[in-house]
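To start, the structure itself, in structure tokens.
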Amino acid sequence: MPRLSEVIAALENLWPAERAESWDAVGTVVGDPDQEVTRVLFAVDPVQEIVDEAVKLGADLLVTHHPLYLRGTTTVAATHFKGRVVHTLIKNDIALHVAHTNADTADPGVSDALAGALDLRVTGPLVPDPTDPQGRRGLGRVCALDQPLTVRELAARAAERLPATAQGIRVAGDSEAPVRTVAVSGGSGDGLFDHVRAAGVDAFLTADLRHHPVSEARAHSPLALLDAAHWATEWPWCELAASQLDEISDRHGWDLRVHVSKTVTDPWTSHSSSPGAPN
């Protein structure tokens, strides 16, 4: 069985910490480098529900997309919910490793997984990483459809293919407009509208779209906007990342057991449509 330090080295090769944004908090949060690893669980959020799942599974390593501590802290006391997460992990000899913005821009990365879930053909990054001479890394992806869809049909595909959430898929724009090219970005994407317009795509699928940026984007152009739940747009990366670790495990003869959590940690729990609201 590999030691944690060996598995972490493999993960760092996939998602180097130096490629994370300066404000981000990635890497190993909890764990003894010398401990053996036999079972790994991938999830989006390092919340108590996921940690409890890791305990029940008998995992030695939990890999999440979102950081546990994005900002500094002075305590890990179990009187706070994040402190309880740390205590549960340590008591059960479970390491925690985070790959966030360094996984967003990786090749393949979070938006590749999102595009793959929607059966979109990636043609390049939306915001290329200037340090990548091959032009494959970067934030978001520009994609093509092999057969055009209407905005309504693309939204229906997203609702069917992405994990079910209370929000579903919101649409801004003409539902019957044809879509041949799409930009996608897992997670919050309304800071990317300038890049999306420059890409000249017909639609943009992302998450956490806010009123004013959407209103202004619609005033700029007929670009259709599809807003999914943040968690749902990033969950496909867990399956991609798990398959990458599986391949590494096979290559090294580690015989790791790699799992993906299907627990929905999207914070929204229900949705009520307004009477007479457009569908």
Evaluate salt bridge (Lys or Arg N to Asp or Glu O under 4.0 Å) for D190 paired with R210, printing each intermediate quantity in order.
-> CA-CA 7 Å; D190 63 14; R210 296 168 296 161; 2.8 Å; yes

Okay, side chain of T123, backbone of V142: is any donor-acceptor separation there less than 3.5 Å?
-> yes

Does a side-chain heavy-atom distance below 4.5 Å link I248 with L14?
-> yes

Salt bridge between R251 and E247, side-chain N to carboxylate O under 4.0 Å?
-> yes

Counting N and O atoms only, with roles assigned by atom type, does the side chain of S249 sit under 3.5 Å from a partner on the main chain of L256, one being a donor and the other an acceptor?
-> yes

Give a yes-or-no answer on whether the side chains of D266 and T165 include a donor-acceptor pair shorter than 3.5 Å.
-> no

Just say parallel, tilted or perpendicular for the rings of F42 and W15, cut-offs at 30° and 60°.
-> perpendicular

Just by modelled atom types, is the T88 backbone N or O under 3.5 Å from a matching donor or acceptor in the N92 side chain?
-> yes

Can any side-chain N or O of Q167 pair as donor or acceptor with the backbone N or O of D227 at less than 3.5 Å?
-> yes

Can E49 and T265 be counted as having a side-chain donor-acceptor contact under 3.5 angstrom?
-> no

Evaluate the side-chain proximity of V171 to V151: yes if any heavy-atom separation is below 4.5 Å, no if none is.
-> yes

Say whether T105 and D129, considering side chains only, have a donor N or O and an acceptor N or O under 3.5 Å apart.
-> no

Only distances under 3.5 Å count here; give the side-chain donor-acceptor pairs of residues 268-278 to other protein atoms, sequence neighbours excluded, each with its distance to 0.1 Å.
residue, atom, partner, partner atom, Å
H271, NE2, S273, OG, 3.4

Do the side chain of H97 and the main chain of E12 share a donor and acceptor less than 3.5 angstrom apart?
-> no

Taking the six-membered ring for Trp, are the ring centroids of H230 and H66 within less than 6.0 Å of each other?
-> yes

Hey, can you tell me if W231 and W235 have their rings parallel, tilted or perpendicular (30° and 60° cut-offs)?
-> tilted

Short side-chain donor-acceptor distance under 3.5 Å, E53 and T263 | yes

Check: R218 side chain, L223 main-chain N or O, donor-acceptor pair, under 3.5 Å = yes

Hey, is the main chain of A43 close enough, under 3.5 Å, to the side chain of T64 for a donor-acceptor pair?
-> no

Using 4.0 Å as the upper bound for N to carboxylate O, is an ion pair formed by R3 and E36?
-> no

Which pairs would a plain distance check flag for residues 78-85, meaning a side-chain donor or acceptor within less than 3.5 Å of a matching protein atom at least two apart in sequence or in another chain?
residue, atom, partner, partner atom, Å
H80, ND1, K82, N, 3.2
K82, NZ, L68, O, 2.8

Give a yes or no answer on whether the side chain of D132 reaches the backbone of R137 with a donor-acceptor pair at less than 3.5 Å.
-> yes

